[in-house]
Amino acid sequence: MLLELKSNLFSHKFPLDILYTLKNYYIVGSNQSDNRFRILKIDRTTPTELNVIEDDVIYSKKEINDVLTGLEVGNRVCGGLKNVVTAYGIVGFIRFTDGYYISLITKRSAVALIGGHYIYQIDETILRPIGQQTKPEKNSDEYKYYSIFNILDLTKNFYFSYTYDITHTLQHNMTCPSNRRNFSYNEMFVWNHYLLETGFRSFKSNSDWILPIIHGFVDQSKISIFGRNVFVTLIARRSRYFAGARFLKRGVNDQGYVANDVETEQIVADMSTTSFHRSGLYDNPNYTSYVQHRGSIPLFWSQDVTNMSPKPPISINFRDPFYAAAGLHFDNMFKRYGAPIIVLNLIKTKEKNPRESLLGDEFGDAMDYLMQSLPEKSLIYHPWDMSKARKRSNGHFCSDEDVFEIMEGYAEQYLADTGFFHSGPEAWINVLNREQTRQSGVVRTNCIDCLDRTNAAQLIIGKCALGHQLHALGITDKPWVPVDSDVMNMLTDMYHDHGDTIAFQYGGSNLVNTLDSYRRKNQFSNQSRDLIENLRRYYSNALCDGEKQDSINLFLGNFRPQKDRPMLWELASDYYLHNEDPRFRKPRRSYIYWWTKDFLQKAEQQDTSRYHQLLSRISRQFEDDEADPYSGYWIEYYRPRLFTSFEKLFALDMKSTTKYIPSGLMNVGNVKKWFAASLLNTKAKEVQSEVKEKEKEEKEKVKKEKYNLNTMESIVSKSLNPSVSLNEAKEYKQYINQNKNLVLTPTLTDNNDPALTSHSDYHVYNAYMRRANLPNPITDIRVPSTDERVYEENLVIPKQYAVLQAVGSDQYTNSVAKSRYQAYETWLKTGKLVGTNNTNNVVNTKSKNNVGGNGKGNISKKEKEAYKDYKEKMKECQIKE
């Protein structure tokens with residue numbers, strides 16, 4: 001098997017074919033410049049034993065081709081080298097009951113860019129047996145394990161990076177000693193730790209093939225401010241310890257790890273300089289970050305889901321008077337973040353039927369016990385009933401403030417206590433020109449599930465942190481961001497996506513209550529959405545959580561299949577998979593001094609060397625990639641040996657605040673022309689992609705509606721989002737566009753035009769236009785004689801008679817015109833129509849032979865009065881018109 005693998009050192013340039021022989025797999029990795037190669041060999045002869053051999057020899061391009069040619073020739077008798085698939089990295093190795101499997105990344109996509117280092121999301125993986133065995137038989141134990149393992153979808157929110165350590169925060173990565181160019185992975189967030197350890201024996205081994213993968217959320221957006229691009233990145237890392245589904249993993253285990261433990265980092269960077277390095281190593285002052293934490297309440301508690309209740313009762317399983325597990329948890333947080341640890345508890349304090357409040361009282365007692373022996377302000381406990389504040393936001397207690405404003409005040413105090421990381425001194429435009437600052441401590445937010453209320457609170461804290469970060473970079477003159485601004489809209493969308501993803505991973509549905517719910521915006525649509533998500537979460541917890549938990553336990557190595565031991569599906573509970581064996585339990589710590597003194601130091605005072613001992617990895621140095629002190633940044637970002645274009649450049653396609661600008665602003669004079677031109681191409685692409693996505697969604701929606709017409713979700717969705725089917729929309733479009741290409745006037749050249757002659761009414765229109773039998777109805781158009789006679793008899797002749805009468809002429813004496821005018825005159829005076837002798841004789845208006853006398857006939861006084869009345873009536877009609 002041949003694979004060009006991109007890891008920390010052996011960067012991937014483009015995927016190669018994976019090849020294998022009858023006896024071995026061969027994985028070939030290259031450096032970033034594609035001129036140095038190494039080989040990883042996997043033995044296939046004994047499938048029940050995994051034998052991975054790393055070849056330390058460094059090959060040139062010519063040498064590696066010679067090696068592969070030799071393998072092809074040497075194995076020609078037994079089939080030679082065969083092609084399998086392309087890949088981008090090794091997830092790891094796993095064994096169930098028979099042979100070993102290898103998991104490979106076959107598709108990826110870039111989702112973020114930090115300091116010139118790309119972060120990728122896994123889009124597709126493959127699980128392939130290493131031995132020569134085929135796919136396991138159905139109903140066998142091997143097949144059951146194989147199916148359970150694949151329940152955990154690696155294409156949903158699993159991320160990796162070849163050159164950036166995403167298991168640690170930006171502060172850790174940029175404050176390492178400048179002469180150290182290797183990674184120190186944080187095991188807590190490496191979800192493929194067990195799979196890699198299986199193949200490489202020890203995760204701490206000096207192996208260039210190790211590619212850590214995190215589970216959580218990664219999103220990045222761009223703020224455009226007067227030509228300055230600012231990247232806002234959100235990274236959520238989910239802990240692999242005590243991981244699982246909502247009702248099956250609550251509280252804390254006896255090792256101090258809590259359920260739903262997620263670290264969220266908000267990175268804001270001015271991209272005037274992309275790299276972490278400027279004049280020296282890691283001295284670019286344009287990077288800032290702020291870290292938050294969420295996790296379940298560190299007590300032994302659970303909820304009984306056997307009664308199928310949407311809100312199962314909460315029970316405290318065990319009350320430890322010394323709160324040893326909670327002490328281990330907070331000591332670990334001191335180790336990770338320093339002091340102070342600010343605990344923001346958002347659960348309800350008063351209920352008609354005590355439920356959350358029972359847990360809140362016990363948590364308060366635990367915090368009181370743990371804080372009594374700690375130095376002052378090392379551990380701060382802040383209980384705040386967010387639901388109660390929401391209900392009273394329009395009442396007497398909070399007449400001028402809402403939940404958002406109250407939480408914003410708390411957030412500013414938290415930021416003052418913990419600070420945030422800034423890689424260099426603040427901009428000279430700021431009054432406070434501080435040197436490099438570090439975040440010491442963290443805000444730990446929790447509610448019952450650590451989902452809905454927690455995400456709303458973290459968004460508000462993130463909003464305040466964003467204001468300080470932009471101010472530190474010299475972009476804003478004040479350390480705050482308006483609520484109603486494009487930047488805040490973008491951040492809200494990012495945190496909502498972040499909350500939906502974390503909620504789906506833990507609870508099986510999206511967020512139930514968003515920030516709009518607490519701000520009382522769009523209450524009707526929010527209530528309907530919350531109802532649907534509640535039903536979806538209930539369904540997922542009741543029917544899907546068991547299989548999901550089994551898959552996580554198998555993937556993380558919490559359960560390892562062994563002979564003569566119960567199968568995974570035969571276990572009554574997974575309690576002992578996540579807690580220590582009582583036979584080998586470690587000795588208890590001091591009940592009073594439960595914390596480690598060194599962990600309470602400020603970040604500036606801590607000795608960072610203790611971090612370097614964690615999984616330290618010494619990178620091998622290779623000429624043009626790693627000989628420079630920048631860890632191959634230039635080749636990773638600029639890719640000099642790879643053809644690229646602006647259309648495929650990730651930084652240009654990134655989400656931006658420009659999407660919140662109203663479309664009308666793009667057409668205001670010449671000032672916005674430069675802006676409109678820059679968005680024409682991207683908008684066209686977005687429209688095309690949106691049309692394709694809508695068509696796909698419509699097809700899927702039609703399929704679902706056939707089976708779910710009477711469900712509550714379908715009824716509510718239809719009432720909130722009225723729509724027409726794809727066929728109806730197509731028919732309406734055809735209806736309004738049917739006459740766009742129709743030529744209304746036939747011409748000599750259009751007689752044979754199919755678009756004209758195929759119309760159903762064409763023959764009627766053509767007959768009418770050609771009724772005068774003219775050669776060309778357009779240039780030789782004439783009025784038929786019948787139409788001329790009607791027009792003269794009814795309008796032209798009576799009008800001329802009236803004019804002649806006014807000037808004293810009797811030209812039309814005893815004519816039809818005279819009789820008709822007299823009838824008209826009588827009708828004007830009396831309102832009665834007097835009958836006249838109607839003849840078809842048409843008088844030639846051009847003839848002068850019928851003029852009687854001298855053409856100066858006398859007009860009587862009666863006629864003059866009648867004509868005067870006629871003129872007055874005509875004036876009145878004109879005024880009315």
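The first residue of the sequence shown is numbered 1, and numbering continues consecutively from there.
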Legend entry - Side-chain H-bond candidate by donor/acceptor type, Asn455 with Tyr495, under 3.5 Å: no
Inset, instruction - Heavy atoms only: give me the nearest Val218-Ala112 pair and the separation to one decimal. - result: CG1-CB, 3.8 Å
Legend entry - Side-chain (Ser378) to main-chain (Pro340) donor-acceptor, under 3.5 angstrom: no
Inset, instruction - Rounded to the nearest 0.5 Å, what's the gap from SG on Cys450 to CD1 on Ile502? Could you check? - result: 11.0 Å
Inset, instruction - Look at the side chain of Asp449 and the backbone N and O of Leu451, then say whether any donor-acceptor pair between them is shorter than 3.5 Å. - result: no
Legend entry - Phe334-Trp595 aromatic ring centre distance below 6.0 Å: no
Inset, instruction - Please work out whether the ring planes of Phe555 and Trp191 are parallel, tilted or perpendicular, with thresholds of 30° and 60°. - result: tilted
Inset, instruction - Verify the ring-centre separation between Phe559 and Trp569: is it less than 6.0 angstrom? - result: no
Legend entry - Exercise: do Asn253 and Asn579 side chains pair donor with acceptor under 3.5 Å: no
Inset, instruction - Spell out, as yes or no, whether a donor-acceptor pair under 3.5 Å connects the side chain of Ser440 to the backbone of Ala339. - result: yes
Legend entry - Shortest non-hydrogen separation from Phe300 to Asp254 and the atoms involved: CE2-N, 4.1 Å
Legend entry - Over 12 non-hydrogen atoms of neighbours within 6.0 angstrom of CD in Gln562: yes
Legend entry - Residue pair Gln372 / Asp368, side-chain donor-acceptor N/O under 3.5 Å: no
Inset, instruction - Could you verify whether a donor N or O on one side chain and an acceptor N or O on the other, from Glu351 and Ser357, lie under 3.5 Å apart? - result: yes
Inset, instruction - May I ask you to test the Ser296-Trp301 pair for a side-chain heavy-atom distance under 4.5 Å? - result: yes
Inset, instruction - Output, in order, the C-alpha distance, side-chain angles, deciding distance and verdict of side-chain hydrogen bond (donor to acceptor under 3.5 Å, both in side chains) for Arg237 and His168. - result: CA-CA 9 Å; Arg237 306 174 182 91; His168 277 114; over 6 Å; no
Inset, instruction - Check whether the ring centres of Phe93 and Tyr100 lie less than 6.0 Å apart, and answer yes or no. - result: no
Legend entry - SB check Asp385 Arg453 (cutoff 4.0 Å): no
Legend entry - Interatomic spacing from OH in Tyr337 to CD1 in Ile341 - rounded to 0.5 Å: 8.0 Å
Inset, instruction - For Asn192 and Leu211, indicate whether the former's side chain and the latter's backbone hold a donor-acceptor pair under 3.5 Å. - result: yes
Inset, instruction - Determine the minimum heavy-atom distance between Glu408 and Cys464, stating which atoms define it. - result: CG-SG, 3.5 Å
Inset, instruction - With the side chain counted from C-beta on, respond yes when Met333 and Val442 share a heavy-atom pair under 4.5 Å apart, and no when they do not. - result: yes
Legend entry - Smallest separation among heavy atoms of Thr167 and Pro212, with atom names: CG2-CB, 4.2 Å
Legend entry - Point-to-point distance, once rounded to the nearest 0.5 Å, from CD1 of Ile122 to CZ of Phe160: 6.0 Å
Inset, instruction - Please name the pair of heavy atoms, one in Tyr323 and one in Asp365, separated by the smallest distance, quoted to 0.1 Å. - result: OH-CB, 3.7 Å
Inset, instruction - Measure the CD1-CD1 distance between Ile380 and Ile342 for me, rounded to the nearest 0.5 Å. - result: 4.5 Å
Legend entry - Ile114 vs Thr233 side-chain heavy atoms within contact, under 4.5 Å: yes
Inset, instruction - State whether a side-chain donor-acceptor pair under 3.5 Å links Tyr414 with Gln292. - result: no
Inset, instruction - Decide side chain to side chain contact (heavy atoms under 4.5 Å, CB included) for His578 and Asn553; before the verdict, give the C-alpha distance in whole Å, the side-chain angles of both, and the deciding distance to 0.1 Å. - result: CA-CA 9 Å; His578 296 271; Asn553 289 335; 2.9 Å; yes
Inset, instruction - Taking the side chain as every heavy atom from C-beta outward, state whether Phe96 and Leu554 have any pair of such atoms under 4.5 Å apart. - result: yes
Legend entry - Minimum side-chain heavy-atom gap His468-Phe420 below 4.5 Å: yes
Inset, instruction - Run the salt-bridge test on Arg294 and Glu263 with the 4.0 Å N-O cut-off and return the result as yes or no. - result: no
Inset, instruction - State, without any angle test, whether Ser302 and Asn317 hold a side-chain donor-acceptor pair at a distance under 3.5 Å. - result: yes
Inset, instruction - Determine whether the side chains of Gln469 and His422 contain a donor N or O and an acceptor N or O closer than 3.5 Å. - result: no
Inset, instruction - Taking the side chain as every heavy atom from C-beta outward, state whether Leu299 and Phe318 have any atom pair closer than 4.5 Å. - result: no
Inset, instruction - Output yes when Glu187 and Arg336 qualify as a salt bridge under the 4.0 Å nitrogen-oxygen rule, no when they do not. - result: no
Inset, instruction - Check whether any side-chain N or O of Glu362 sits under 3.5 Å from a backbone N or O of Gly364 as a donor-acceptor pair, and report yes or no. - result: no
Inset, instruction - Look only at the side chain of Gln266 and the backbone of Gly462, and say whether a donor-acceptor pair between them is shorter than 3.5 Å. - result: yes
Inset, instruction - List the steps and the verdict of side-chain hydrogen bond (donor to acceptor under 3.5 Å, both in side chains) for His293 and Asp261. - result: CA-CA 8 Å; His293 180 273; Asp261 188 314; 3.0 Å; yes
Legend entry - Arg250 side chain to Phe247 backbone, donor-acceptor under 3.5 Å: no
Inset, instruction - Measure the CD-CD1 distance between Gln549 and Ile148 for me, rounded to the nearest 0.5 Å. - result: 12.0 Å
Inset, instruction - Nearest 0.5 Å please: distance from the CG atom of Asp165 over to the CG atom of Asn173. - result: 5.0 Å
Inset, instruction - Hey, can you tell me if Phe217 and His498 have their rings parallel, tilted or perpendicular (30° and 60° cut-offs)? - result: perpendicular
Legend entry - Sidechain N-carboxylate O distance under 4.0 Å for Arg589, Asp331: yes
Inset, instruction - Indicate, with yes or no, if the rings of Tyr241 and Tyr257 have centres closer together than 6.0 Å. - result: yes
Inset, instruction - May I ask you to decide if Ile347's main-chain N or O and Glu356's side chain share a donor-acceptor pair within less than 3.5 Å? - result: no
Inset, instruction - Compare every heavy atom of Ser373 with every heavy atom of Ile592, then report the nearest pair and how far apart it is. - result: O-OG, 2.8 Å
Legend entry - Stepwise side chain to side chain contact (heavy atoms under 4.5 Å, CB included) test for Val252 and Ile297: CA-CA 7 Å; Val252 66; Ile297 296 175; over 6 Å; no
Legend entry - Thr596 versus Asp598, side-chain donor and acceptor atoms under 3.5 Å: no
Inset, instruction - Give a yes or no on whether the backbone of Glu547 and the side-chain of Ser551 come within a donor-acceptor separation of less than 3.5 Å. - result: no
Inset, instruction - Run the numbers on Tyr159 and Ile213 for side chain to side chain contact (heavy atoms under 4.5 Å, CB included), then give the verdict. - result: CA-CA 6 Å; Tyr159 308 91; Ile213 294 171; over 6 Å; no
Inset, instruction - Could you give me the CA-CA distance, side-chain angles and deciding distance for Gln171 and Tyr287, then say whether side-chain hydrogen bond (donor to acceptor under 3.5 Å, both in side chains) is met? - result: CA-CA 9 Å; Gln171 175 172 316; Tyr287 282 87; over 6 Å; no
Inset, instruction - Look at Asp545 together with Arg246 and state whether they make a salt bridge at an N to O cut-off of under 4.0 Å. - result: no
Inset, instruction - May I have the step-by-step check of side-chain hydrogen bond (donor to acceptor under 3.5 Å, both in side chains) for Asn345 and Asn446, ending in yes or no? - result: CA-CA 5 Å; Asn345 184 16; Asn446 72 264; 3.0 Å; yes
Inset, instruction - Using atom types as modelled and distance alone, determine if a side-chain donor or acceptor of Gln303 lies under 3.5 Å from a backbone N or O of Pro312. - result: yes
Inset, instruction - Give a yes or no on whether Asp581 atom CG has more than 12 heavy-atom contacts from other residues, nucleotides or ligands under 6.0 Å away. - result: yes
